[in-house]
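Values in this document were obtained by computation on a predicted structure and should not be read as measured data. Proteins come first, then strands; the chains are lettered A, B, ... in the order of their sequence lines, and each starts at number 1.
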Amino acid sequence: MGQTPPSTDATYDPQAVEAKWQSRWAEGHVNEPDLDQPARPFYNLMMFPYPSAEGLHVGNMFAFTGSDVYGRFKRLQGYTVFEPIGFDAFGIHSENYAIQVGVHPSELIPRNIANFRRQLRRMGGMFDWRQELSTTDPAYYKWTQWIFLQLYKAGKAYRKHGNVNWCPECKTVLANEQVIDGYCERHPTVRVQQRALKQWYFRITDYAERLLHNLDDAEAMDWSETTAGAQRNWIGRSEGAEIVFPLVGREDRLSVFTTRPDTLFGATFMVLAPEHPLVGALTAEAQRADVEAYIRATAEQDVVSRRVGDREKTGVFTGGFAINPATGQQIPVWVADYVLMEYGAGAIMAVPAHDERDLSFAEKFGLPVVRVLDEDERLIESGRFSGEPAEAAIANITAWLEERGAGQRQVQYRLYDWCISRQRYWGPPIPIIYCEDCGTVPVPEEALPVVLPPLDEFRPDDTGVSPLARNEEWYFVPCPRCGRRARRETDVSDTFLDSGWYYLRYPSAEFDERPFDPVRTRTWLPVTAYIGGNEHAVLHLLYARFLAMVLHDLGHITFEEPFLRFRAHGLIVKDGAKMSKSRGNVVIPDQYIAQWGADTFRMYLMSLGPFQEGGDFRDAGISGPRRYLDKVWAMVGRCIAEDAVGEITKAVMVKWHQTKQKVAEDIEALKYNTAIAALMELLNVLREEQCCEQHILDDMVVMTAPFAPHFAEECWERLGHTSSVFAARWPEWDPALVVAARAEVVIQVNGRTRSRVEVERDAEEERGGGGGG
RNA sequence: GCCCGGGUGGCGAAACCGGUAGACGCAAGGGACUUAAAAUCCCUUGGGGGCAACCCCAUGCGGGUUCGAAUCCCGCCCCGGGCACCA
C-alpha cells in the first residue's frame, strides 16, 4: 500500500484524495474479487459503452455511477461483488465516425478506449480491470463467430432475401438511420430504394412464446415494468384465426390471418402484399401491366418510408377473385402496400365496415362496405351467427370454419427474425464459406477467428461489392470440405450479436480456449443486477435473452434467463431537453471532475432525482453535495482533534438509527436522491446538537462510501481505521430506536390540522404495539 | 391510435399501503465575521390576511368517494419516452 499519511488538513482537497485512493485501489487489487472461490458472489453489471471519440458523457457517467453505488453498497453488505467493464467498439457508429474524420477505425478505437479507460478510472468505479474486454479483440470475436456457428448448426441461423435501403448514388446499403425522410443522408436529393439482398437471419421468432412467457416469471426475471412492457409490445402476440379462401378458377387457396373472424361475413375484398407469391399467378392479363408497375413502384421506396403509417392508401386490382367461405360470394383480390408480407400471411380479408384502414381503401376504390356488427357488438347479417355477441362469435365461427377445413385458431407475433448481416467493414466477419460444389460451408471451429482483414480503403464504395470482398487474398479461400477455391461470406455481423453475450465473457475473459468457463459461469451467472438505459429495452435485452435461450437449449449454459434483475435508469436532461450534440447541450464530465472532484460530481448526479427517472442537470446545484462533504470532513477533523465530542442526545440517537435504516432501504430501491437527503439530515442534526462522536461518524462515512468512495476511504483512515472502508459492514440499526421516542401528535378536526402536541412515547406502550391514527 | 412514465414553491425535488403538503438541496433576501470580497456561520423564504393566538387559499383541469385526497375512482388537458398501415 502507499506511503502517504492520512491527510490532517483542515480543508478537503478532492484531487489529492482521489489520486491517492485510485492508486491504492489499483496497487492493492481491492476491486478484484476471487472469481474462483467467492464467498457470496454478486454479479453487478452495467451496459458497456460504445467508445465514442467525444469520450464518456454525463449520461454514461450517471448510469455507471448509479450502478457503481449499488455495487459498492452490496459490497458493504458483505457480498463478493464482481463489477466488470468493457467496450462495445464494433459497429456502424465507429465506422461512420472513422469515415467522417478519415482515420481508420483500427487506429481510432484503441485511442478512444484509452480515453474511456482514463475517464472510468477517474470517476472511481469499482471496476475489475483484469476482466476488461473489447468486442473488437479477435480473442473476443472468435467466440462471437463461434456463437454464430452454434446457431447455424442448430438450424437457428438461415439465409434468405431481405430488403435493405439502397442509395443509387452511393451504390451501397444504408442503415435505417442514414435514411432521412426517404432520402440519402449524403445525397439529399436522391431517393433511397429498397433492394433485396441475401442475408443471414436468426430464428428468434421460434422463441417468441418463451420470451414472452418468462417476462411474467418473477422467479427468473425481476425487471422494470417499463422494460418488460416494451418487450411484450415488441413481441406483439395476437390471437385470431387463419382463414382459407378458395380462389375462383384455381386449385390453390389463399390464407389470411385475422384477429376478428367474427367479421368474416363483412369481408368484401382481399388484399395481398406486393411481395405475395400468389400475386403473379392471380393477375389477369388485362391487369398485368398495372400490377407490375405498382410492384415496381413499391420496391423503389426505401425500407423506412414503406413502414410509415397514415399515408394515403394505394393499390391495384389483380383481376382475380376469391370466395368468401361464409357468404359464398365472389370478392375481388387487390394488391396494396399497406399489407406487409412480413406479418401474418402477407394477405388479409378486408372488412371495411369494421377496420379503418380497409375502410379508407374501400372508399378510395369504391368497394362495398357491409356492416356485420350492431351497436352493442352483436353480429348482424351473419347467417346462423346473427345475434351472437362478437366475443362468442370469434370462437364459434373459428370452430365452424375448422369443421369445414377452411380455417383454424392461430396465434401471431409481431416479432421478426433477427437479420444479423451488415454490408459493412467494421464488425466480425460471418464465418461462412461458399463453395461451388459443397454449397454453404461453416468455417470449422478450430479455424476461428476469421480475422477481419486489414483494409486501407474500408468505406463502402460504388462498386456494389462489400468492402471485405476487395481483399482478394482474404476473400478467396480453400473450401474446408473439398479444398477447392471458394469464397468467404463478405458481410459482417450486427453489433447486437457482439453485445448479446458479453456478460458471459467477463468472468472468463482470460480463457483463450473457451468462450465461458463452465465453473466460472456456474459461480457467477445469471447476472444478479443489471442496470442500463431503456433505449435497449427491446433490441439488446431481447437478443441477449434469445441467445441465452439457444445456448441453454444446446446445453452450453444451465439458465435460460441471463439477467435476474434489470433496472432501467432515467435520462439526464439539460434545460428541459435530452442531451445531444445537435442541441449543443452535452455536458462533458471531465471539467466538472477537475473543478469539484469525482466524489462531489458522483454525489451530485445521484442527488438530481430518482435514479430510475433521471434528472435535470444544472451546474448551480453542485455546491450542495460539496458542502456536505466539506462539513463531514471538518467534523471528522474535530472528532480526531478534540476530546470533547459532544453528547449523544436522544435526538441524535434516533436520527442516527433512522438514517442507517433509511439509507439502506433507499439505496436498495435505487432512490439515491432521498438516501443522500437522509445523510444530509443526519449531518444537520449532528451540527445542531454539537455532536461529533466517533461511532456516529464511522457510520456516516460508511454510508457515504457508495456515493463518495475516495472521500470515505480518506475519512475512514483519518478516523484511525487501517483497512479499506469497503472492508467494513453496513451499520446495523436498532428497530426500537428508529421509532421516535417523542412524537408530535396532530390534532385534526374535520380533516384539518388544528393543533400539534408533543408527547413522550411510553416504553411499555411501545412494547404493546398497536396504535391507530 | 396503442403501451409506459410524468405534471407539486423562483428551481431540482420530498411525501404517494389516504392522515402535519413542500423533507433535502439550489437560488434569493437579511444579519454576523472581514478594510473589502470569497468562504463560513445564523435567520427568513408557497400565496394572502391578522398586533397576536390564528384564519383562508394552494399539488395540471372538472367531477366523485371519504371525517380527511398530491395520494383512491371517473372524465379530460398538457409534457416526455417507446411502438405503430401488425390485419
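- Comparing G64(B) with G68(B), their C1' atoms sit 15 Å apart, to the nearest whole Å.
- Annotation: F269(A) is in aromatic contact with F361(A) [ring centroid separation under 6.0 Å].
- One P atom belongs to G48(B), the other to G9(B), and the distance between them is 15 Å to the nearest Å.
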Can you check side-chain hydrogen bond (donor to acceptor under 3.5 Å, both in side chains) on Q408(A) and E242(A), steps first, answer last?
CA-CA 5 Å; Q408(A) 58 184 331; E242(A) 177 195 28; 3.0 Å; yes
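- Between C2(B) and A84(B), the two C1' atoms lie 8 Å apart (nearest whole Å).
- R232(A) comes within 4.0 angstrom of no nucleic acid atom, judged by non-hydrogen atoms across all strands.
- When both distances must be under 3.5 Å, the Watson-Crick or G-U wobble mate of G1(B) is C83(B).
- Across residues 660-675 of chain A, N673(A), T674(A) each have a non-hydrogen atom less than 4.0 Å from an atom of RNA chain B (numbered order).
- You'll find the ring centres of F321(A) and F245(A) outside the 6.0 Å limit.
- With C1' as the reference atom, A37(B) and A32(B) are 15 Å apart, rounded to whole Å.
- Using a 4.0 Å heavy-atom cutoff across all strands shown, P610(A) reaches sugar-phosphate atoms only and no base atom.
- What separates CZ of R357(A) from P of A84(B) is a distance of 14 Å, to the nearest Å.
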Between N or O atoms, less than 3.5 Å apart, protein on one side and nucleotides 1-6 of chain B on the other: list the pairs.
none

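- Spacing of P atoms, C86(B) relative to C79(B), comes out at 25 Å, to the nearest Å.
- Summarising the geometry, the separation between CE on M606(A) and C1' on G12(B) is reported as 14 Å, rounded to the nearest angstrom.
- The separation of C76(B) from C24(B), taken at their C1' atoms, amounts to 34 Å, rounded to a whole angstrom.
- Nucleotides C74(B) and G5(B), compared at atom P, are 15 Å apart to the nearest Å.
- A side-chain donor-acceptor contact under 3.5 Å links R371(A) to the backbone of L373(A).
- Judged by distance alone with a 3.5 Å cut-off, a donor-acceptor contact links the side chain of Y416(A) to the base of C86(B).
- Rounding to whole angstrom units, CD of residue Q410(A) and P of A87(B) are separated by 13 Å.
- Counting to the nearest Å, the C1' atom of C86(B) and the CE atom of M349(A) are 15 Å from each other.
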